[in-house]
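Everything below concerns the one structure shown next.
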Amino acid sequence: MSETKVNVKKGLEGVVIDTTTVSKVMPETNSLTYKGYPVQDLAEKCTFEDVAFLLWNNELPTEEEAKAFKEKERSYRSLPDSVLNAFKGMDMTGHPMDILRTGISILGTNDKRTWDDSEEVTRDKATHMLAKIPTMIAAAYRMKHGKEVIAPDTSLSMSENFFKMCFGEVPAPEVVKAFDVSLILYAEHSFNASTFTTRVITSTTSDIYSAVCGGIGALKGPLHGGANEQVMYVLKEVGEVEGAKEWMQKALKEKRKVMGFGHRVYKNGDSRVPTMKKYAKKMADFVGEPKWMEISQALEDVMVSEKNIYPNLDFPAGPAYYMMGFEIDMFTPIFVMSRITGWSAHILEQAANNRIIRPLSEYVGPKERNL
Ligand code: COA
């Protein structure tokens with residue numbers, strides 16, 4: 001193999017490939033804004049539905065707009081029989097990300113507007129997915145356990161309804177708020193791997209369902225969204241706060257990549273972590289189980305002092321979801337339930353000012369030879 005002659009940007013590190021108005025990541029100040037608003041303020045003061053509206057419409061909704069948006073989302077929550085019947089024929093012990101990806105594929109198959117990529121229709125398709133993804137995740141969870149599927153309740157917010165569809169009841173307001181905060185923090189993060197995937201697919205003038213299926217595939221990977229599940233497996237592997245520091249020291253000595261730490265863009269801390277950590281601690285107080293946050297802190301202390309590598313959002317989100325009662329393989333699907341908002345905003349933006357995304361590579365294989 002020959003040496004490379006050009007400066008290859010492995011992993012596209014540092015490459016700016018387009019402009020965006022959706023969000024701004026500022027690693028120098030560890031901050032993130034959606035349409036100009038700091039994410040931590042949105043998390044404290046808004047609902048997830050408000051933030052979805054903001055990402056798709058550039059402004060927070062007026063009271064009237066919020067009402068209309070919520071009414072539409074609630075009216076789209078039920079799953080068509082085609083999805084439920086397909087789920088009945090599938091192995092529900094498979095990973096819920098695969099089940100979800102298939103569910104979106106079926107929605108796309110059924111939507112006769114496949115080739116209508118007008119902004120209005122694309123927004124409507126996005127709203128269908130926003131409304132139906134939680135129903136799919138909850139239905140898959142219940143079917144896996146041989147339980148009756150619970151129909152969506154249109155009198156409830158997205159977060160309240162999701163808990164009810166999973167567990168049969170709406171938990172205490174502090175649990176719902178912690179969950180809603182996590183959805184707001186997960187909603188958008190500029191040109192990350194899954195969003196970039198949705199933009200690449202959109203750039204070919206393919207449809208939004210195909211783009212979202214691709215996004216789900218990219219998000220599933222443990223280096224991206226799948227990390228929130230891996231974090232919980234790590235915390236369980238460590239098991240107790242006694243020995244947690246030693247566990248981390250050994251992991252670093254063995255050059256093990258510890259999930260939930262590090263970030264391509266943030267090198268001095270993830271803007272979303274302080275807010276999520278605060279709500280994960282609230283969950284620990286609520287359930288009266290400090291162990292997971294204590295282990296997390298011990299691991300973080302060693303990682304920061306020895307490697308200067310900081311936790312990312314998945315690190316506090318994983319244990320927060322666990323303490324809310326979700327099974328570990330539901331964590332990344334919950335990320336999808338939120339990120340569908342950011343993906344759709346980017347899909348709309350890409351389509352509005354499109355040029356097919358087609359980078360180059362440098363060939364380093366065998367020289368031309370005779371057959
Ligand atoms: N645990 C241990 N070391 C880590 C690490 C982690 N989680 N993340 C990065 N590092 C180290 C790497 O080993 C590398 O060290 P080296 O220079 O001595 O080889 C250095 O930090 C740079 O890491 P690199 O993997 O090149 O950074 P990247 O920008 O390509 O990757 C991530 C970024 C997020 C993929 C990477 O940090 C990672 O794999 N983290 C764990 C998965 C995760 O939590 N993903 C969710 C991201 S939001």
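Whatever order the structure lists them in is the order used to number ligands and atoms, beginning at 1. Computed over heavy atoms, backbone and side chain alike; hydrogens, waters and symmetry mates excluded.
The shortest N or O to N or O distance between L252 and ligand 1 is not under 3.5 Å.
Of all protein heavy atoms, the one lying nearest to atom 40 (N) of ligand 1 is F261 O, 2.8 Å. Protein heavy atom closest to atom 27 (O) of ligand 1, with residue, atom name and distance, is K267 NZ, 4.4 Å. Here the protein heavy atom with the shortest distance to atom 7 (N) of ligand 1 is V258 O, 2.7 Å. For atom 35 (C) of ligand 1, the closest non-hydrogen atom on the protein side is L223 O, 4.0 Å. Nearest protein heavy-atom neighbour of atom 25 (O) of ligand 1: K257 NZ, 2.6 Å. What sits closest to atom 21 (O) of ligand 1 on the protein, heavy atoms only, is I309 CD1, 3.6 Å. Atom 42 (C) of ligand 1 has its closest protein heavy atom at M259 SD, 3.5 Å. The protein heavy atom nearest to atom 29 (O) of ligand 1 is R264 NE, 2.7 Å.
The structure places CD of E188 at 6.5 Å from OG1 of T20, a figure rounded to the nearest 0.5 Å. If you take CE on M136 and CG on L84, they are separated by 9.0 Å, rounding to the nearest 0.5 Å. The CG atom of D314 lies 11.5 Å from the CZ atom of F261; values are rounded to the nearest 0.5 Å.
Here H224 has backbone heavy atoms under 4.0 Å from ligand 1, and that is the only part of it that gets that close. Looking at D314 against ligand 1, only its side chain comes within 4.0 Å, counting heavy atoms.
Shown here, atom 19 (O) of ligand 1 is out of close reach of the protein: none of its heavy atoms lies under 4.0 Å off. Proximity of atom 32 (C) of ligand 1 to the protein is not indicated, since no non-hydrogen protein atom lies closer than 4.0 angstrom. Atom 23 (O) of ligand 1 lies below 4.0 Å from none of the non-hydrogen atoms of the protein. Distances from atom 16 (P) of ligand 1 to the protein include no heavy-atom value under 4.0 Å. Counting protein heavy atoms under 4.0 angstrom from atom 45 (N) of ligand 1 gives one or more.
The backbone N or O of V176 lies less than 3.5 Å from no partner atom in the side chain of S159, so there is not a single donor-acceptor pair. In this structure a side-chain-to-backbone donor-acceptor pair under 3.5 Å is missing from K35 to E59. Looking at Y209, its side chain never comes within 3.5 Å of a backbone N or O of I106 through a donor-acceptor pair.
The pair K177-D180 does not count as a salt bridge, with every side-chain nitrogen at least 4.0 angstrom from each carboxylate oxygen. Ion pairing of E246 with K250 is absent here, as no side-chain N (NZ or NE/NH1/NH2) approaches a carboxylate O to less than 4.0 Å. Ion pair E63/K67 not flagged as a salt bridge, since none of the NZ, NE, NH1 or NH2 atoms sits closer than 4.0 Å to an Asp/Glu carboxylate oxygen. In summary, K125 and D207 do not engage in a salt bridge, as defined by a charged side-chain N under 4.0 Å from a carboxylate O. Ion pair E240/K291 flagged as a salt bridge, since at least one NZ, NE, NH1 or NH2 atom sits closer than 4.0 Å to an Asp/Glu carboxylate oxygen.
Taking the six-membered ring where tryptophan is involved, the planes of F326 and F167 are tilted, since the angle between them lies from 30° to 60°.
Close approach of ligand 1 to G262 (heavy-atom distance below 4.0 Å) involves ligand atoms 34 (C), 37 (O). Close approach of ligand 1 to G260 is summarised as follows: ligand atoms under 4.0 Å from at least one heavy atom of the residue are 43 (C), 44 (O). Taking a cut-off of under 4.0 Å to the non-hydrogen atoms of A227, the atoms of ligand 1 that pass are 43 (C), 44 (O), 45 (N), 46 (C). When each atom of ligand 1 is checked for a heavy atom of P222 under 4.0 Å away, the hits are 42 (C), 45 (N).
Atom 47 (C) of ligand 1 has its nearest heavy-atom neighbour, among N228, N312, V231, in N312. Atom 2 (C) of ligand 1 has its nearest heavy-atom neighbour, among E13, K307, M303, in M303.
The shortest heavy-atom distance from R256 to ligand 1 is under 4.0 Å.
By the 4.5 Å heavy-atom criterion applied to side chains, V25 and Y266 are counted as neighbours.
Annotation: cation-pi geometry satisfied between K282 and Y279 (NZ/CZ under 6.0 angstrom from ring centroid, within 45° of ring axis).
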